[in-house]
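Here the structure is laid out as C-alpha cells; the discussion comes afterwards.
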Amino acid sequence: MSFQQRTINCGEPRASHAGQTVTINGWAHKVRDLGGLLFVDVRDRTGLLQVIFPENTKAEIRSETCLSITGTIAPRDASNVNPNQPTGEVELRVTDFEILNQAAVLPFPLSDEKSMERVNEELRMKYRYVDLRRPSVYQRMALRAAAVKGIRAYLDNETFLEIETPIITKSTPEGARDYLVPYRIEPGKFYALPQSPQQYKQLLMVGGLERYYQIAKCFRDESQRADRQPEFTQLDIEMSFITQEDILGLIERMTVKVVNDLIADFALDIEPISSFERLTYDESLALYGSDKPDLRFGLTIFNAAEALANTEFSVFKNTLEAGNFIRGLRYPGGAELSRKQITEFEDLAKSFGAKGLATFSLINPSEEAEGSRLTASGLRVKGGISKFLSDAEVDALVALSGAEAGDLLCFVADNWAVTNDGLCRIRLKIGSDLGLRDPRKLAFGFVVDFPLVEWNEDEQRWDPSHHPFTSPKSADIPLLDTDPGKIRADCYDVVCNGYEWGSGSIRIHRPDLQAKIFTLIGVTPEQQEERFAHILEAFTYGAPPHGGIATGIDRLIMLLLNEENIREVMAFPKMGNGYDPLMDAPSTVDEKQWEEMGLMLRPAPPKS
RNA sequence: GGGGGUGUAGCUCAGUGGUUAGAGCGCCGGCCUGUCACGCCGGAGGUCGCGGGUUCAAGUCCCGUCAUCCUCGCCA
C-alpha cells in the first residue's frame with residue numbers, strides 16, 4: 001500500500017517555511033469543524049501543526065485518524081497566531097489528503113493531558129499503544145532512551161564491553177523468589193529467570209574481560225510497589241583489579257556527566273549535580289534513620305538519651321534501663337501544628353512499629369499560653385510530655401536539637417531499628433511538609449561500610465546484608481569466627497532523594513573465603529556443591545580481585561522526572577499483581593504444552 | 001498473608017434509605033467561514049463491579065467476593 005510520505009515533521013514548520021509545499025504524516029490530535037471551515041491539529045512525535053482544509057471540505061476525520069496531508073505552509077494573520085504552540089505562526093493549507101487509517105472512538109481523552117493524569121491506569125495499560133502517543137509519554141520514553149545512550153557512550157569511552165548474559169539460567173533460592181521456566185527435556189527440572197546477572201558478571205571477570213557492563217533485565221517474583229515491577233532494568237557493571245574507590249569514582253563521574261547532559265538536552269527543571277556526599281552506614285542510620293537517606297535537607301536525628309540519663313519520665317526511664325534508645329527530631333515551626341496533625345505523626349511512627357511518639361513544643365517565652373510553663377533558663381515549653389521533663393532536661397534537649405521558639409520536638413523511644421524506621425519516616429514527612437524535598441534537586445550520595453551480615457531472628461541465622469559474594473573488609477576478617485555481626489563489608493549503596501538507586505560490592509575472589517562465608521550464612525557444604533560449585537571452582541583458576549555495582553535504570557528516570565510510579569517510565573508495565581492487561585498475560589496454555597513439559601497442577605490447598 | 005482507599009454513562013466524577021439515577025467532557029444528528037478547551041440546538045448512552053442479606057423500598061445499610069491503587073511483611 002503506497003501513501004504520500006512526509007517531507008517535514010509536524011513540529012518543524014516556522015514562518016520561514018512559508019510558501020513551501022510539504023507533506024506531513026501523523027494523527028488527528030484535535031478536530032475543529034466550523035462547518036465551512038475545517039481545522040485539524042495533526043500530531044507526530046515532534047509536535048503539532050494546525051492544518052486548514054479548503055472551504056466546504058467534507059472529511060471523516062476524528063481524533064487519532066491516521067493521515068497523510070500535503071499542502072502549503074502559510075503564515076497566519078497576526079490575530080490568528082497561536083503563541084502557545086511552537087508552530088503557531090503558520091498553518092498548513094491542504095491541497096491533498098489521504099486517510100491512512102480510520103480510528104475508532106477512543107477509550108479515554110487522549111488529547112487532554114490534564115484529564116489523562118486521572119484516567120484509570122488499568123484502562124491506560126490495556127490501550128497502552130494509544131496512551132503511548134501522548135506527547136508527555138513520548139518524552140518519558142525519549143528521556144529513557146537518551147539516558148541509556150549516554151550511559152553506553154560513557155562506558156564505551158572508558159573501554160567497557162557491553163556483554164549479554166543468559167535470561168534462562170539457574171535458580172539460586174537465596175534472595176527473592178524466582179520466576180521458573182520448565183525444562184522440557186527433563187521434566188521436573190527448571191531454569192530460572194535471573195534476579196540479576198550477578199554470577200555471570202563475576203564469571204566474566206574470571207574470564208578476563210576486566211570491564212563489563214550491561215543494560216540488564218532482572219526478574220523478581222515478589223510483591224509489587226509503586227516503585228517495583230516484576231521485571232526491571234539495571235545498569236550492571238563489574239571490573240577487575242580495582243578497589244571500592246575506583247567503582248565509586250566511576251559511578252560518580254558517569255552520573256554527573258549523564259544526568260547533567262540530560263538536564264540540558266531535555267530542559268529538565270533540575271539543578272545540575274556535582275559531587276556526591278558520602279557517609280558510612282552507621283552515620284547514615286544515626287543521622288537519618290535510614291540507609292537510603294534523603295540528602296536534600298538536614299534536620300538530622302539527634303540522640304536525646306544524652307539529656308535524659310536521670311529522667312523520671314517512666315516511658316523514657318524504662319527505655320534506657322532496657323538498653324534502648326531515645327532519639328529525636330526537630331520540626332521547625334511545628335509548634336503551630338494542630339492536635340490532629342500531631343496525631344498523624346504519631347500514627348506514622350506507630351505504623352513502623354513505634355509504641356508512640358513523644359512531643360513537646362517550644363514557644364515564645366512571652367506567650368503565656370494555656371498548658372505552657374517557663375523554665376528556669378527562660379524557655380517556654382508547652383504540651384505533650386513537657387510536664388514530665390525537668391527544666392534541666394528541657395534545656396539539654398533544646399541544646400542538642402538546636403530548637404528555637406516555635407519548634408516542635410519529636411521523640412521515639414525504642415530499640416535501634418524501631419527508632420530508625422519511625423524517625424526516618426517522620427523526618428521525610430517533616431521535609432515534605434516544609435517543602436524541603438525539592439523536586440528540582442537531585443541529592444546523590446554514597447553509603448559505605450555496610451555490615452557483611454545481619455542476624456535473621458526468624459530463621460536464627462546470619463543473612464548477607466548484600467549478597468553472599470560480598471567481600472568482608474580485610475581488617476575485619478578475623479571477626480568471622482568471633483563476632484560476625486561486627487564485620488564490615490566492602491559494600492556500598494548509591495542513594496538519591498531517599499531512594500536506593502544502586503548497590504554493589506567488592507567480591508570475594510578466593511574459594512576458601514567464599515566457602516567460609518557460605519558456611520557462616522547457613523549454606524551447607526552440600527548446598528554449596530549443588531548450587532555454587534561452578535563459581536567456587538571458577539575461583540580456583542586464578543580469579544582476579546573484582547567488584548562492581550548495579551543501579552536502577554527505571555529509578556533514575558523516575559528521579560529525573562520526579563515521578564513516583566515506576567509504571568510511568570516503562571513502555572509496557574504490568575499491574576500490581578503482575579498482570580499485563582494489554583497482552584492478557586499470564587494466560588493458560590494448551591493441554592499439549594502441559595504434556596510436553598511433563599507438568600500437572602497440584603490441587604489447591606484447603607483454605608484455612 | 002495483613003491494613004487502608006477506590007469501583008455509578010466511553011472518560012472524570014456528583015448522588016440525604018423514597019419520583020423516571022445526574023453533571024462536565026466524549027459520541028451521534030443538525031446549524032455554523034478563522035477556530036485553536038470553537039460555539040449553538042437536539043439526541044443516544046447505565047448489570048450503580050459481582051453475589052447474598054436487611055427493608056414496604058437499597059447506588060445508598062449489612063455480609064461475602066472480585067478488580068484496582070497505596071502500604072506493612074517480602075524484595076540476596
Side-chain angles (χ1 to χ4, degrees), chain A residues 29-42 48-57 62-64 74 76-85 87-88 91 93 104-127 172-178 194-196 198-199 218-230 232 347-348 350-353 421 425 450 452-454 456 458 462-470 489 491 500 503 505 517-518 521-523 531-532 550 552 564-565 567 574-577 579 581 607-608:
Chain A
H29 187 69
K30 203 124 206 196
V31 180
R32 290 179 296 278
D33 184 354
L34 275 61
L37 276 185
L38 177 60
F39 295 95
V40 177
D41 290 333
V42 179
L48 287 179
L49 179 63
Q50 172 168 290
V51 306
I52 178 167
F53 286 77
E55 292 179 13
N56 299 311
T57 303
R62 59 170 170 252
S63 289
E64 299 308 310
R76 300 195 201 180
D77 291 347
S79 61
N80 290 330
V81 165
N82 185 342
N84 300 319
Q85 289 179 358
T87 61
E91 59 195 1
R93 294 183 185 275
V105 176
L106 299 171
F108 38 59
L110 189 75
S111 62
D112 184 349
E113 287 278 6
K114 210 171 160 108
S115 297
M116 284 303 294
E117 284 173 18
R118 307 177 68 175
V119 169
N120 178 280
E121 259 196 276
E122 187 174 10
L123 192 72
R124 280 178 45 211
M125 293 316 150
K126 181 171 179 185
Y127 298 98
T172 52
E174 289 75 23
R177 195 175 296 114
D178 284 322
Q195 296 172 28
S196 80
Q198 183 60 36
Q199 295 188 48
C218 305
F219 306 85
R220 294 177 192 175
D221 185 5
E222 294 293 347
S223 288
Q224 303 308 297
R225 287 288 186 279
D227 62 345
R228 298 200 317 231
Q229 280 271 300
F232 59 97
D347 292 344
L348 187 63
K350 283 178 186 169
S351 71
F352 288 88
D421 290 347
R425 292 308 178 110
F450 275 72
L452 182 73
V453 290
E454 286 163 353
N456 181 330
D458 296 337
W462 294 103
D463 279 345
S465 55
H466 183 50
H467 59 52
F469 312 108
T470 301
C491 181
E500 176 193 322
S503 68
S505 61
I517 298 293
F518 276 137
I521 61 176
V523 181
R531 297 177 193 162
F532 300 109
E564 288 182 1
N565 194 319
R567 293 184 290 272
K574 292 174 175 57
M575 307 305 291
N577 53 5
Y579 177 64
K607 283 195 175 177
S608 51

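In what follows, chains carry the letters A, B, and so on, assigned in the order in which the sequence lines appear, proteins first and then strands, with residues in each chain numbered from 1.
Note on R425(A): a side-chain N or O is less than 4.0 Å away from OP1 or OP2 of C72(B). For C69(B), neither phosphate oxygen OP1 nor OP2 lies less than 4.0 angstrom from any side-chain nitrogen or oxygen of N565(A). Under 4.0 angstrom from either OP1 or OP2 of U35(B) there lies no side-chain N or O belonging to R32(A).
Between the base of G26(B) and the side chain of S63(A) there is no donor-acceptor pair shorter than 3.5 Å. Side-chain N/O atoms of E91(A) and base N/O atoms of G34(B) include a donor-acceptor pair closer than 3.5 Å. Between the side chain of R225(A) and the base of C69(B) there is no donor-acceptor pair of N/O atoms closer than 3.5 Å. R124(A) contributes no side-chain N or O that forms a donor-acceptor pair with the base of G10(B) under 3.5 Å. In this model, no side-chain donor or acceptor of R220(A) finds a partner on the base of C75(B) within 3.5 Å. For U33(B), its base sits under 3.5 Å from the side chain of E55(A) at one donor and acceptor pair at least. A donor-acceptor contact under 3.5 Å links the side chain of Q50(A) to the base of U35(B).
Taking 4.5 Å as the limit, some side-chain heavy atom of R32(A) sits within range of a side-chain heavy atom of D41(A).
A salt bridge is defined here as a Lys NZ or Arg NE, NH1 or NH2 lying under 4.0 Å from an Asp or Glu carboxylate O, and E121(A) with R567(A) meets this definition.
Residue contacts shown for P109(A) are limited to sugar-phosphate atoms, with no base heavy atom under 4.0 Å away. Contact annotation for R62(A): backbone-only contact, meaning every heavy-atom pair under 4.0 Å involves sugar-phosphate atoms and none involves a base. Here R118(A) lies in heavy-atom contact (under 4.0 Å) with sugar-phosphate atoms only. Among the heavy atoms of the strands, none lies under 4.0 Å from S115(A). Using a 4.0 Å heavy-atom distance criterion, N577(A) is classed as a sugar-phosphate-only contact. Using a 4.0 Å heavy-atom criterion, one finds that D421(A) contacts no nucleic acid atom at all. Residue F469(A) is classed as having no contact, given no heavy-atom separation below 4.0 Å to the nucleic acid.
R76(A) contributes no side-chain N or O that, together with a main-chain N or O of V81(A), makes up a donor-acceptor pair within less than 3.5 Å. Side chain of E91(A) to backbone of I52(A): no donor-acceptor contact under 3.5 angstrom is found. Counting only distance, with no hydrogens or angles, the side chain of E64(A) and the backbone of A104(A) share no donor-acceptor pair below 3.5 Å. The main-chain N or O of M575(A) is never found under 3.5 Å from a side-chain atom of Q224(A) such that the two would form a donor-acceptor pair. Between the side chain of N577(A) and the backbone N or O of Y579(A), at least one donor-acceptor pair lies under 3.5 Å. At least one donor-acceptor pair under 3.5 Å links the side chain of T87(A) to the backbone N or O of L48(A).
Comparing C38(B), U33(B), C72(B) by their nearest atom to the side chain of F352(A) picks out C72(B). Here the side chain of L123(A) is nearest to one of C11(B), G26(B), G34(B), namely C11(B). When the nucleotides U12(B), G34(B), A67(B) are ranked by their closest atom to the side chain of E122(A), A67(B) comes out on top. In this structure, the nucleotide among C38(B), U35(B), C11(B) sitting nearest to the side chain of N80(A) is U35(B). When the nucleotides U35(B), C69(B), U12(B) are ranked by their closest atom to the side chain of R567(A), C69(B) comes out on top. Of the candidates G34(B), C70(B), C36(B), the closest approach to any side-chain atom of N82(A) belongs to C36(B). With distances taken from any side-chain atom of E222(A) to the nucleotides G10(B), A37(B), C74(B), the minimum falls on C74(B). Among U71(B), C69(B), C74(B), the nucleotide with an atom closest to any side-chain atom of A226(A) is U71(B). The side chain of M575(A) lies closest to C69(B) when the candidates are C69(B), C72(B), G34(B).
Taking atom CZ of F39(A) as the reference point, atom C1' of C32(B) lies 13 Å away to the nearest angstrom. If you take CG of N56(A) and P of C31(B), they are 12 Å apart, rounded to a whole angstrom. The interatomic distance linking Q195(A) (CD) with C74(B) (P) rounds to 16 Å, in whole Å. The distance from atom CG of D33(A) to atom P of G29(B) is 11 Å, rounded to the nearest whole Å. Between the P atom of C11(B) and the CE atom of M125(A) lies a distance of 16 Å, rounded to the nearest Å. Taking atom CG on N120(A) and atom C1' on U8(B), their separation rounds to 14 Å, with Å as the unit. As rounded to whole Å, 17 Å separates atom P of C36(B) from atom CG of L49(A). Look at CG on L110(A): it is 19 Å from P on C25(B), rounded to the nearest Å.
G10(B) and C48(B): their C1' atoms are spaced 16 Å apart (whole Å). Nucleotides G15(B) and A58(B) place their C1' atoms 14 Å apart, quoted to the nearest Å. Between A14(B) and A23(B), the two C1' atoms lie 7 Å apart (nearest whole Å). Going from the C1' atom of G39(B) to that of C32(B) covers 8 Å, rounded to whole Å. Comparing the same atom, P, in C41(B) and in G51(B) gives a spacing of 40 Å after rounding to whole Å. Nucleotides G49(B) and C36(B) place their C1' atoms 39 Å apart, quoted to the nearest Å. Comparing the C1' positions of U71(B) and U60(B) gives a spacing of 29 Å, expressed to the nearest Å. As rounded to the nearest Å, G17(B) and G59(B) have P atoms that lie 13 Å from one another.
Nearest-nucleotide positions on RNA chain B place N84(A) closer to the 5' end than the other of D463(A) and N84(A). Of the two residues near RNA chain B, Y579(A) and S196(A), the one whose nearest nucleotide lies more 5' is Y579(A).
Nucleotide G29(B) forms a Watson-Crick or G-U wobble pair with C41(B), both donor-acceptor distances falling under 3.5 Å. Across every strand in view, C48(B) sits unpaired, with no contact that passes the Watson-Crick or G-U test at under 3.5 angstrom. Both distances falling under 3.5 Å, in either a Watson-Crick or a G-U wobble arrangement, place A23(B) opposite U12(B). For G7(B), the paired nucleotide is C66(B), the pair qualifying as Watson-Crick or G-U wobble because both relevant distances are below 3.5 Å. Across all strands shown, C61(B) pairs with G53(B); the Watson-Crick or G-U wobble distances both stay below 3.5 Å.
In this structure, F108(A) does not count as stacked on the base of C11(B) under the 5.5 Å centre distance and 30° plane angle limits.
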Steps toward side chain to side chain contact (heavy atoms under 4.5 Å, CB included) verdict (L38(A), V31(A)): CA-CA 8 Å; L38(A) 177 60; V31(A) 180; 3.8 Å; yes

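Taking the six-membered ring where tryptophan is involved, the planes of F469(A) and F532(A) are perpendicular, since the angle between them exceeds 60° and thus also 30°.
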